[in-house]
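Each chain gets a letter, A, B and so on, in the order the sequences are listed, and its residues count up from 1.
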Number of protein chains: 2
Amino acid sequence: MGLAHVNPERPTCPVETTLRAIGGRWKVLILRELFQEVKRFNQLHRALDGITQKMLTQQLREMEADGLVLRTVYPQVPPKVEYSLTELGRSLKPILDAMHDWGEQFFERRHSLPTRSTSAESR
Amino acid sequence: MGLAHVNPERPTCPVETTLRAIGGRWKVLILRELFQEVKRFNQLHRALDGITQKMLTQQLREMEADGLVLRTVYPQVPPKVEYSLTELGRSLKPILDAMHDWGEQFFERRHSLPTRSTSAESR
DNA sequence: TAAGCCAGTACCCAAAAAGAAACTATGGGA
DNA sequence: TCCCATAGTTTCTTTTTGGGTACTGGCTTA
């Protein structure tokens, strides 16, 4: 278990380890959804505006292989598959929180400051 | 100033704002380098193993336009250009720290747990 | 006189990632 | 009999990313 799809070369610095686990356009957003609640495939598909089925499947498979996400299949007939976070997946919460806080703070700044530039001159 | 290259559609959730600012393969790693110290172009180029000049230039330009990075040109003759973090750039520290901590913790787990699977059965 | 240094640009081609759309399986309901 | 739903897979096309090579400018060193 754990970051299986991640290629073995250069574990280098911890930040890179994390980047390999949740880098890319979609994984952080998938995590955001799954922190809210357990979700089914089509729920995720609808929530993540713009993602294709292929990408969603692919990202979920990688996250499952990395031990971040648990995939539970119910043997029904319209198929039912639920995705939830594993303990390892939930341990990413501080990162999501930090990203949430920064994005929010940035938005507040943008609407309070009168767009004054700090840099004296460069370029 | 501020996330200039970021396209205006759907500010949606704060996590997405952050993703647009530091998403992609290189920006987090560039930030990691610049948190250590102010660096010159070739210092960054050597530190970020695998990045091409083109990519480095491109990412730095976007980060500059987004107000995360300050580019300072010294009118010397072998040219000297220094890259440093702006206040906004430094405000990303909690995210970098959280990513660092997770990567480190993951590494410890991997070497302490006897690779026991939690999932009863799925797939 | 020529080559070296730094911080890039410019151009072109190859590879990888992402996306769009159609297709599949199964069973229930109209 | 046809259609619907879910959770994908397959195929094809487009976009993004990566890489190579060459070029610049002006001072310094050989």
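- Every residue two or more places apart in sequence or in another chain that forms a side-chain hydrogen bond (donor to acceptor under 3.5 Å, both in side chains) with B:Lys93 is listed here: B:Asp97.
- The closest side-chain heavy-atom distance from A:Ile22 to A:Leu68 is below 4.5 Å.
- With hydrogens and angles ignored, the 3.5 Å screen pairs a side-chain donor or acceptor of A:Gln43 with a backbone N or O of A:Arg40.
- Residues of residues 75-85 of chain A having a heavy atom closer than 4.0 Å to DNA chain D, listed by number: A:Pro78, A:Pro79, A:Lys80, A:Val81, A:Tyr83.
- Under the rule for a side-chain hydrogen bond (donor to acceptor under 3.5 Å, both in side chains), B:Gln53 has no partner lying at least two apart in sequence or in another chain.
- Partners of B:Val77 by side chain to side chain contact (heavy atoms under 4.5 Å, CB included), not counting sequence neighbours: none found.
- Taken to the nearest 0.5 Å, the CZ atom of B:Arg46 stands 10.0 Å off from the NZ atom of B:Lys39.
- For the side-chain hydrogen bond (donor to acceptor under 3.5 Å, both in side chains) test, no residue two or more places apart in sequence or in another chain qualifies with A:Gln76.
- Residues passing the side chain to side chain contact (heavy atoms under 4.5 Å, CB included) test with A:Val81 are A:Arg71, A:Val73, A:Tyr83, sequence neighbours excluded.
- On the nucleic acid side, DNA chain C has its first and last nucleotide under 4.0 Å of a heavy atom of chain A at C:dA18 to C:dG27, going 5' to 3'.
- Residues passing the side chain to side chain contact (heavy atoms under 4.5 Å, CB included) test with A:Glu87 are A:Arg90, B:Arg109, sequence neighbours excluded.
- Among residues two or more places apart in sequence or in another chain, the side-chain hydrogen bond (donor to acceptor under 3.5 Å, both in side chains) test is passed with A:Ser84 by none.
- Between B:Gln43 and A:Gly24, it is B:Gln43 whose nearest contact on DNA chain C lies nearer the 5' terminus.
- Under the side chain to side chain contact (heavy atoms under 4.5 Å, CB included) criterion, B:Leu56 pairs with B:Ile30, B:Phe41, B:Leu44, B:His45, B:Leu48, B:Ile51, B:Leu60, not counting sequence neighbours.
- Not a single donor-acceptor pair under 3.5 Å links the side chain of B:Thr18 to the backbone N or O of A:Trp102.
- Scanning DNA chain D 5' to 3' for nucleotides with an atom closer than 4.0 angstrom to a non-hydrogen atom of chain B gives a first and last hit of D:dT17 to D:dC27.
- Defining each end axis of the helix from C:dT1-D:dA30 to C:dA30-D:dT1 as the rotation carrying four pairs' C1' atoms onto the next four, with five pairs an end, the two axes are found to diverge by 30° to 10 degrees.
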